[in-house]
Amino acid sequence: MSLRVRFAPSPTGALHIGGARTALFNWLLARGSGGQLVLRIEDTDRERSTDENVAQILDALDWLGIDYDEGPIFQAERAERHREMLQRLLDDGHAYRSNATADDVKAFKAEHGGRGFRGEPEADGAVRLRVPDDGATVVHDVIRGDTRFEHVHLDDPVIARADGSVLYNFAVAIDDLDAGITHVVRGEDHLSNTPKQLLVLEALGAEPPTYAHLPLLHGPDGKKLSKRHGAASVQELRDAGYLPEAVRNYIALLGWSLDDSTTIMSDAEMIAGFDLARVSKSAAVFDEQKLRWLNGRYLRELPPAELAARLEALLGRGGLEQAAELAQEKMQTLAEFWPLAGFLVERQPYDEKAWAKVMRDGARDDLAAARDAIAAAEPFDVETVEAALRGVVEARGVKPRAVFQPLRVAISGSTISPGIFESVVALGRDETLARVDDALARA
RNA sequence: GGCCCCGUGGUCUAACGGUUAGGACAGCGGCCUUUCACGCCGCAGGCGGGAGUUCGAUUCUCCCCGGGGCUACCA
């Protein structure tokens, strides 16, 4: 039987980097084995699930380049099937109705020395799965080995509300079973839920899938990753100017490694090399610094036309290719493009600190000399402009920066820009002179 | 509190009883240089603690400590 995995996000929020990592690992597994990836939306919590979130998740997966073979399957639409299975458990005594409240459960445990809650069947109420008093349920996990859960400690879990709508731990077991899922790969926060799902499967007489619980992702403060940790959602990553291929590569490294030295990997390498057995057991911290670095590496590899296309999509404007090419080697994210090279597209206001720092002493004279050189450069190409400007430096007997920095501030408004000769040529003689003249007038 | 998982430099990780504990990001220093970056070179920094097993423990066992997850008629 071929491998079938699933990614089953709950649409109670945007897709976060942890969910993206889970999706990626499942995808790598499917693509590396000729198996299938099923997308299932776990929306049984009607209160918190929204269409907007579903759309966001789908959009995030699409942007990440993670495609699926089946789905999306909406769990809520399977209610009838869930009810049918629920009734089966009720009929054969594996489940019972109970009106016990959370407080009742607490009281029971207090009274019975912390033992798991066992209720008495009632005519109505929520449905609880009956957990055997003796024995234990062992979770065989590919990553963590065996984990044993003694039944005495387990409460009879509520698997359906009083109105008959089913709860997560029940729905997941049924849906994975019906979808023919062979490997359940999900976050470690589900490890404690697994015995409940195993018990449901057992009550149904079904074979359980293979499980693999991925280590959790934490924020820089060591706490569970959340919105407070900055660019945590996939959409935010996109808006911050990260490339999907860089994000894929980066998150693949969170809890997994190809070998002892590989950091940058193509999708093909990841797919071919991914192995659950090499997934780490300990939680990882999302480190945006490293993502930035990795993103920069990918950015520099992009053909200029492709880089321009990505920038144009992000910024919503065209005609960026020339500027993109000049800025490429200095960017780590797409978002850094505009502050760095926006002046090549449209004039930017002066950064007053930059102006104050550069426009002093003989700066005006140096700039004026540079202006004349630029005005006379013929032909107007990088080579000639560079020669002309270096000639100014030589003639005036100053440091190169004495001439280049005022010129840089004059045309870009900032002390930071792509190469000055390339920038001047990209801007064109007329525009350059116009900006220099304005700066001269201001100095 | 109960149950469960985890523990290699600041961060991501390699090592599956014997290595000068390897790589990457960040940091620091240098080179390059028109700015900022990139790139290159170098430096610093780690096995949470304690017992035990063993000729020998980062690696195996136990205890402690630390972090995390679950403990909903959420997922």
- Nearest-nucleotide check on RNA chain B, A/G255 vs A/T147; residue mapping nearer the 5' end is A/T147
- Want to settle it: does A/S417 or A/R21 sit nearer the 5' end of RNA chain B, counting the closest nucleotide to each? A/R21
- Query: What class does the angle between the rings of A/F421 and A/F404 fall in, given that below 30° is parallel, 30 to 60° is tilted and above 60° is perpendicular?
  - Reply: perpendicular
- Message: Quiz question: by atom type and distance under 3.5 Å, do the side chains of A/Q332 and A/Y298 form a donor-acceptor pair?
- Response: no
- Item | Residues A/T194 and A/H213: side-chain donor-acceptor under 3.5 angstrom | yes
Quick one: [X] [atom1] to [N] [atom2], roughly how many Å, whole number?
X	N	atom1	atom2	answer
A/F343	B/U35	CZ	C1'	11 Å
A/K353	B/C36	NZ	P	14 Å
A/R144	B/C5	CZ	P	9 Å
A/E422	B/A37	CD	P	18 Å
A/D275	B/C16	CG	P	15 Å
A/L214	B/C5	CG	P	17 Å

Remember a base hit wins even if backbone is also touched, and classify [X] as base, sugar-phosphate or nothing at under 4.0 Å, heavy atoms.
X	value
A/S257	sugar-phosphate
A/R278	sugar-phosphate
A/F421	base

- Is a salt bridge present between A/R128 and A/D155, judged by a nitrogen-to-oxygen distance below 4.0 Å? no
- Task: Looking only at non-hydrogen atoms, find the nearest pair between A/R300 and A/M331 and report the distance.
- Result: NH2-O, 4.1 Å
- Item | Where at least one partner belongs to residues 95-134 of chain A, residue pairs that pass ring-ring contact (aromatic ring centres under 6.0 Å, His included), sequence neighbours excluded | A/F108-A/H112, A/F108-A/F117
- Note on the structure: The complete set of ring-ring contact (aromatic ring centres under 6.0 Å, His included) pairs with one or both residues in residues 132-161 of chain A, sequence neighbours excluded, reads none
- In numerical order, the residues of residues 79-87 of chain A whose heavy atoms come under 4.0 Å of RNA chain B are none
- Message: Quiz question: going by heavy-atom distance under 3.5 Å, is there a donor-acceptor pair between the base of B/U35 and the side chain of A/R401?
- Response: no
- Any A/R390 side-chain nitrogen or oxygen under 4.0 Å from OP1 or OP2 of B/U34: yes
Contact list (N/O, under 3.5 angstrom) for nucleotides 20-23 of chain B vs protein:
| unit_1 | atom_1 | unit_2 | atom_2 | d |
| --- | --- | --- | --- | --- |
| B/G22 | N2 | A/D260 | O | 3.0 |

- Message: Protein within reach of the bases, or only the backbone? For nucleotides 38-45 of chain B, mark each nucleotide 5' to 3' as B, S or -, using heavy atoms under 4.0 Å.
- Response: SS------
- Note on the structure: Reading nucleotides 69-75 of chain B from 5' to 3' and marking B where a protein heavy atom lies under 4.0 Å of the base, S where only the sugar-phosphate is that close, and - otherwise, the string is BS--BBB
- Task: Test ring-ring contact (aromatic ring centres under 6.0 Å, His included) on A/F7 and A/Y68 and set out the steps.
- Result: CA-CA 9 Å; A/F7 174 54; A/Y68 37 93; 9.3 Å; no
